[in-house]
There are 2 protein chains.
Amino acid sequence: MSTAEPTIVTKRLRADAVRNRAKVLDAARAAFAERGAEAQMEDVARRAGVGVGTVYRHFPTKQALGEALVEERFDGTIAFVRTLLDDEPDPWRALERCFEHCAATQANDRAWAAALASMAGGTIAGPREHQMRELLALEDRLLARARAAGVVRDDLVVADMPALFCALASVVQAGVVDWRRYLELLLDGLRPLPR
Amino acid sequence: MSTAEPTIVTKRLRADAVRNRAKVLDAARAAFAERGAEAQMEDVARRAGVGVGTVYRHFPTKQALGEALVEERFDGTIAFVRTLLDDEPDPWRALERCFEHCAATQANDRAWAAALASMAGGTIAGPREHQMRELLALEDRLLARARAAGVVRDDLVVADMPALFCALASVVQAGVVDWRRYLELLLDGLRPLPR
DNA sequence: ACCTGAACACCGTTCAAGT
DNA sequence: ACCTGAACACCGTTCAAGT
């Protein structure tokens with residue numbers, strides 16, 4: 001039951017290596033946002049202006065490169081939900097804004113949408129398990145507030161969230177004409193029973 | 001605005017070709033159900049006991065082979081919804097059983113779940129467009145009944161269905177612990193407003 | 001006509017040679 | 001220490017040779 005943060009071993013890198021790593025990440029962000037898992041390593045290298053070997057020096061596999069980008073997105077989402085807990089007094093509005101933020105970021109990033117669709121859907125275990133648990137812990141607080149205020153159905157629990165995130169992510173990812181309409185249906189569906 | 005059924009050109013096949021085609025389809029059903037798009041053509045050939053070339057003789061690409069299997073699933077689903085319209089007098093129960101049938105079949109077939117997640121989500125256009133439209137036409141009748149009976153929110157329209165199918169499919173596909181719970185939330189969410 | 005499987009193409013990954 | 005890109009492996013697809 002360790003609560004240790006994941007160990008980050010920041011080896012001192014040579015100046016050119018630091019620059020290259022950043023260029024690879026920039027290129028990868030663009031490539032993965034556009035094409036999701038279909039992004040090609042050769043293309044990432046080309047966009048970054050480095051050889052493929054350099055991409056692999058910084059990230060052992062394509063999978064790992066994708067994970068690094070997803071990790072950034074998780075950080076952003078976790079930070080956003082924290083600000084909701086701190087600054088959004090309306091418990092319903094906070095829940096709404098959380099889902100909306102996820103969807104909006106996913107609309108511009110296929111890999112992020114795909115990651116949340118499969119992560120949230122599958123077992124939580126995996127490379128991003130720690131962040132997923134952290135995000136869910138924050139969601140739990142959003143939900144507790146909402147239940148206490150009576151603005152959501154009282155049987156709604158944090159264990160329901162992964163499926164909801166998965167569902168929303170796949171609708172956004174699929175490029176449905178209007179994910180906002182689906183979000184509306186999803187959110188209305190969380191309201192107290194019976195209608 | 002042609003209403004012609006898709007032309008089926010059933011060339012007379014040699015007896016061994018008929019057998020091989022069936023063996024390929026059987027093998028492909030198993031492989032695609034288990035592994036979805038990750039199924040391998042070499043593996044399909046091996047399971048079928050034929051050479052890869054034979055698989056390609058009957059289906060020009062892996063994509064096309066997958067489509068053939070999805071086509072079967074659509075036929076099954078369309079037939080099922082027709083029986084609902086004929087035999088299920090309770091309009092709410094009919095809607096419920098329709099979603100449940102989709103989810104249950106998807107739970108045993110990764111390729112089918114993936115197909116519905118991306119088809120229903122993306123633009124309807126594509127190889128299965130005709131079947132998708134047919135299915136949606138049937139859904140439209142289910143919905144019309146349900147609205148008339150006042151058992152669903154009155155702003156729920158058939159255009160909302162693709163997103164709902166997409167969402168459900170991805171939750172089932174992702175192997176979430178309990179897609180039945182998500183289905184419950186989804187269905188409750190379709191009930192008349194305000195709660 | 002139809003079948004087979006070796007050969008080819010594409011893309012993820014490695015590694016010997018360079019700076 | 002880090003970079004490069006040719007070479008290798010894997011899997012989708014083709015096609016010359018067989019029945």
Side-chain angles (χ1 to χ4, degrees), chain A residues 8-70 110-111 114-115 118 126-127, chain B residues 8-70 110-111 114-115 118 126-127:
Chain A
I8 311 214
V9 208
T10 346
K11 286 189 309 203
R12 192 168 300 284
L13 293 177
R14 225 166 62 179
D16 59 340
V18 173
R19 272 193 306 275
N20 279 336
R21 187 170 217 281
K23 284 194 289 181
V24 166
L25 275 170
D26 287 344
R29 260 188 292 268
F32 278 75
E34 278 173 33
R35 323 229 298 130
E38 288 171 7
Q40 294 178 202
M41 294 299 266
E42 190 64 52
D43 182 48
V44 170
R46 198 167 25 243
R47 293 193 201 219
V50 300
V52 242
T54 301
V55 177
Y56 279 92
R57 162 160 281 265
H58 291 285
F59 303 95
T61 61
K62 174 171 154 175
Q63 171 85 18
L65 178 52
E67 301 264 0
L69 302 175
V70 169
R110 281 182 60 184
S118 69
Chain B
I8 311 217
V9 209
T10 345
K11 286 189 309 203
R12 192 168 298 285
L13 293 176
R14 224 167 61 181
D16 59 339
V18 173
R19 273 193 306 275
N20 278 336
R21 189 171 215 282
K23 284 194 290 183
V24 167
L25 276 170
D26 286 344
R29 259 188 291 269
F32 279 75
E34 279 172 31
R35 323 229 299 130
E38 288 172 7
Q40 294 177 202
M41 293 300 265
E42 190 64 52
D43 182 47
V44 170
R46 198 167 25 243
R47 293 192 201 220
V50 301
V52 242
T54 300
V55 176
Y56 279 92
R57 162 161 280 265
H58 291 285
F59 303 94
T61 61
K62 174 172 154 175
Q63 171 85 19
L65 178 52
E67 301 265 359
L69 301 176
V70 169
R110 282 183 60 183
S118 71

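Note that the structure is a prediction, hence the values are computed from the model and not measured. Below, chain A is the first sequence line, B the second, and so on; all start at residue 1.
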- [ ] Using Watson-Crick or G-U wobble geometry with both distances below 3.5 Å, tell me the partner of dA7(D), or none.
- [x] dT13(C)

- [ ] Could you please name the option among dC3(C), dA6(D), dC2(D) that lies closest to any side-chain atom of D16(A)?
- [x] dC2(D)

Open item on the list: Need one value for A39(B): base, sugar-phosphate or nothing, where a base atom within 4.0 Å counts as base even if backbone is also close, heavy atoms only.
Closed with: sugar-phosphate

Open item on the list: Measure CZ/F59(B) against C1'/dG12(D) and give the value in whole Å, please.
Closed with: 16 Å

Task: Spacing of D43(A) atom CG relative to dC11(C) atom P, expressed in whole Å - done: 10 Å

- [ ] Please determine if K23(B) and D26(B) form a salt bridge, counting it only when a charged side-chain N lies under 4.0 Å from a carboxylate O.
- [x] no

Open item on the list: Whole angstroms only, please: what is the CZ-P distance between R57(B) and dT19(D)?
Closed with: 17 Å

- [ ] State the pairing partner of dT19(D); accept Watson-Crick or G-U wobble contacts with both distances under 3.5 Å, and report none otherwise.
- [x] dA1(C)

TODO: For the side chain of M41(A), starting at C-beta, report the closest nucleotide among dG12(C), dT14(C), dC3(D).
DONE: dG12(C)

Task: Listed nucleotide nearest any side-chain atom of R14(B), set dC3(D), dT13(C), dA1(C) - done: dA1(C)

- [ ] Please report, rounded to the nearest Å, how far the P atom of dG12(C) is from the CZ atom of F32(A).
- [x] 9 Å

Task: Given DNA chain D, 5'-ward residue of the pair E42(A) and H58(A), judged by closest heavy atom - done: H58(A)

TODO: Report the distance from atom OH of Y56(A) to atom C1' of dA6(D), rounded to the nearest whole Å.
DONE: 15 Å

- [ ] Please state how far atom CZ in R12(A) lies from atom P in dC2(D), giving the value in whole angstrom units.
- [x] 12 Å

TODO: Give one of base, sugar-phosphate or nothing for A45(A), where a contact means two heavy atoms less than 4.0 Å apart.
DONE: nothing

- [ ] Would you tell me if any nitrogen or oxygen in the side chain of N20(B) comes within less than 4.0 Å of OP1 or OP2 on dC3(C)?
- [x] yes

Task: Given dC2(C), dC3(D), dG12(C), the nucleotide with the shortest approach to the side chain of Q40(A) - done: dG12(C)

- [ ] Rounded off to whole Å, could you give me the NZ-to-P distance for the K62(A) and dT13(C) pair?
- [x] 8 Å

